[in-house]
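See below for the structure under consideration.
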Amino acid sequence: MKRSLALLLFATVILSSCLRNYREYGNEKVPGYKPVFSNNPDDYIAKSLEPQPIKNPGKIYVKDNLLFQSDEGYGIHVIDKTDPAKLKNIGFIRMIGNSDMSIKGNYMYVNSITDLVVVDISNWQNVKEVKRMENVFQAGQQSNFYGPMIPLPEKGAYYECQNLYRQGYVQIGWVKDSVMSYCRY
């Protein structure tokens, strides 16, 4: 019941924002962000990368001398905690659309958009997807935010509020551009 009310409230706020913006600006283009989509599986499977800046910090798990910190929407940071006084960001596991994770043994269980993914992290520098269970989660309901899976790059910006989901495609990021059909968040 609480989730339904939260979803209804969110939808009301977004729709009223879109209507207000349309009334204020009409058909005028404004600077904002458009979603970037891909249907290439290589763009959204788990992949080990070089360290990345932290954008949307989330849950932390400890395994041996490593911290795994979720970066909601983007993936998981790998941090060396050998010297707790000098934590060092040493890698990144790309996992598009994640908002939650758990670790047991050498396996990380993480959501990716609507999928539940099991990732072998025994060699975190070369992770392997062990299993991907598709459509386990409803789009937008695996986190506290009922909206885009990839968080917006900046608060208070305009973004395209139509076509956030395309059948057979996955949102992998945002690009700064002029937008016609927009909302402000």
Side-chain angles (χ1 to χ4, degrees), residues 3 6-19 21-22 29-59 68-77 91-102 108-119 127-129 131-185:
R3 277 199 141 160
L7 179 59
L8 180 62
L9 178 62
F10 177 77
T12 303
V13 169
I14 289 297
L15 289 175
S16 66
S17 173
C18 290
L19 290 173
N21 290 336
Y22 182 79
K29 284 190 169 191
V30 296
Y33 292 92
K34 288 183 177 181
V36 176
F37 294 98
S38 173
N39 64 351
N40 181 351
D42 290 340
D43 289 338
Y44 54 88
I45 61 170
K47 183 176 182 180
S48 298
L49 302 172
E50 295 296 315
Q52 305 287 313
I54 297 172
K55 299 175 184 176
N56 297 297
K59 192 177 282 187
F68 291 90
Q69 181 177 21
S70 178
D71 197 339
E72 294 188 12
Y74 299 98
I76 292 98
H77 298 278
F92 186 73
I93 301 168
R94 180 189 66 197
M95 184 58 67
I96 296 296
N98 79 299
S99 64
D100 209 351
M101 69 168 166
S102 183
M108 178 182 295
Y109 300 83
V110 60
N111 66 316
S112 175
I113 312 289
T114 60
D115 301 344
L116 175 61
V117 183
V118 182
V119 180
V127 296
K128 302 267 190 258
E129 278 193 20
K131 185 168 186 160
R132 180 176 285 264
M133 292 163 271
E134 295 182 353
N135 300 314
V136 172
F137 306 105
Q138 272 189 302
Q141 293 190 2
Q142 67 268 41
S143 69
N144 293 329
F145 179 59
Y146 289 84
M149 298 294 107
I150 307 296
L152 291 166
E154 63 181 283
K155 300 291 183 200
Y158 291 101
Y159 69 97
E160 186 175 278
C161 56
Q162 289 183 342
N163 300 323
L164 286 179
Y165 303 102
R166 292 185 182 167
Q167 190 69 25
Y169 287 78
V170 173
Q171 183 186 358
I172 59 170
W174 292 96
V175 64
K176 196 159 195 153
D177 200 353
S178 294
V179 294
M180 288 281 293
S181 173
Y182 48 83
C183 297
R184 190 173 198 165
Y185 175 73

*For Tyr33, check side-chain hydrogen bond (donor to acceptor under 3.5 Å, both in side chains) against everything at least two apart and list the hits.*
Glu154
_Heavy-atom pair of closest approach, residues Met95 and Ile76_ = CB-CD1, 4.2 Å
*Rounded to the nearest 0.5 Å, what's the gap from CD1 on Ile113 to CG on Asn98? Could you check?*
9.0 Å
_Test side-chain contact (heavy atoms from CB on, under 4.5 Å) applied to Ser38 - qualifying residues, sequence neighbours left out_ = Asn40, Asp43, Ile172
*What heavy-atom pair brings Gln171 and Pro35 nearest, and what distance separates the two atoms?*
NE2-CB, 3.7 Å
*Could you tell me which non-hydrogen atom of Gly91 sits nearest to which non-hydrogen atom of Pro51, and how far apart they are?*
N-CG, 3.7 Å
_For a quick test of reading the model, state the closest non-hydrogen atom pair linking Ile150 to Gly97 and the distance between them._
CD1-N, 3.8 Å
*asked:* Before you tell me yes or no, could you show the steps for Tyr159 and Val179 under side chain to side chain contact (heavy atoms under 4.5 Å, CB included), namely the whole-Å CA-CA distance, both residues' side-chain angles and the distance that decides it to 0.1 Å?
replied: CA-CA 7 Å; Tyr159 69 97; Val179 294; over 6 Å; no
*asked:* Just to verify, what does Asp177 make a salt bridge (charged side-chain N to carboxylate O under 4.0 Å, His left out) with, not counting sequence neighbours?
replied: Lys34
*Under the salt bridge (charged side-chain N to carboxylate O under 4.0 Å, His left out) test, residues paired with Glu134 that sit two or more places apart*: none
*Residues in side-chain contact (heavy atoms from CB on, under 4.5 Å) contact with Asn56, at least two apart in sequence or another chain*: Asp71, Glu72, Tyr74, Pro151
*Report the residues that fulfil salt bridge (charged side-chain N to carboxylate O under 4.0 Å, His left out) with Lys128, sequence neighbours left out, ordered by chain and then residue number.*
none
*Atom pair CE (Met108) and CZ (Phe68), whose distance is rounded to the nearest 0.5 Å*: 5.0 Å
*Measuring from Met133:CE to Leu116:CG, what's the distance to the nearest 0.5 Å?*
4.0 Å
*asked:* I'd like to check the side-chain contact (heavy atoms from CB on, under 4.5 Å) partners of Pro57; sequence neighbours left out, ordered by chain and number.
replied: Ile54, Gln69
*So, for Ala46 and Val119, which heavy atoms are closest and what is the spacing to 0.1 Å?*
CB-CG2, 4.0 Å
*asked:* Applying ring pair (Phe, Tyr, Trp, His ring centres under 6.0 Å), can you list everything that pairs with Phe92, at least two apart in sequence or on another chain?
replied: His77
*Hey, could you give me the CD1/OG distance between Ile93 and Ser70, rounded to the nearest 0.5 Å?*
11.0 Å
_Partner residues of Lys59 under the salt bridge (charged side-chain N to carboxylate O under 4.0 Å, His left out) criterion, sequence neighbours left out_ = Asp100
*asked:* For a quick test of reading the model, state the closest non-hydrogen atom pair linking Tyr44 to Glu129 and the distance between them.
replied: O-OE2, 4.4 Å
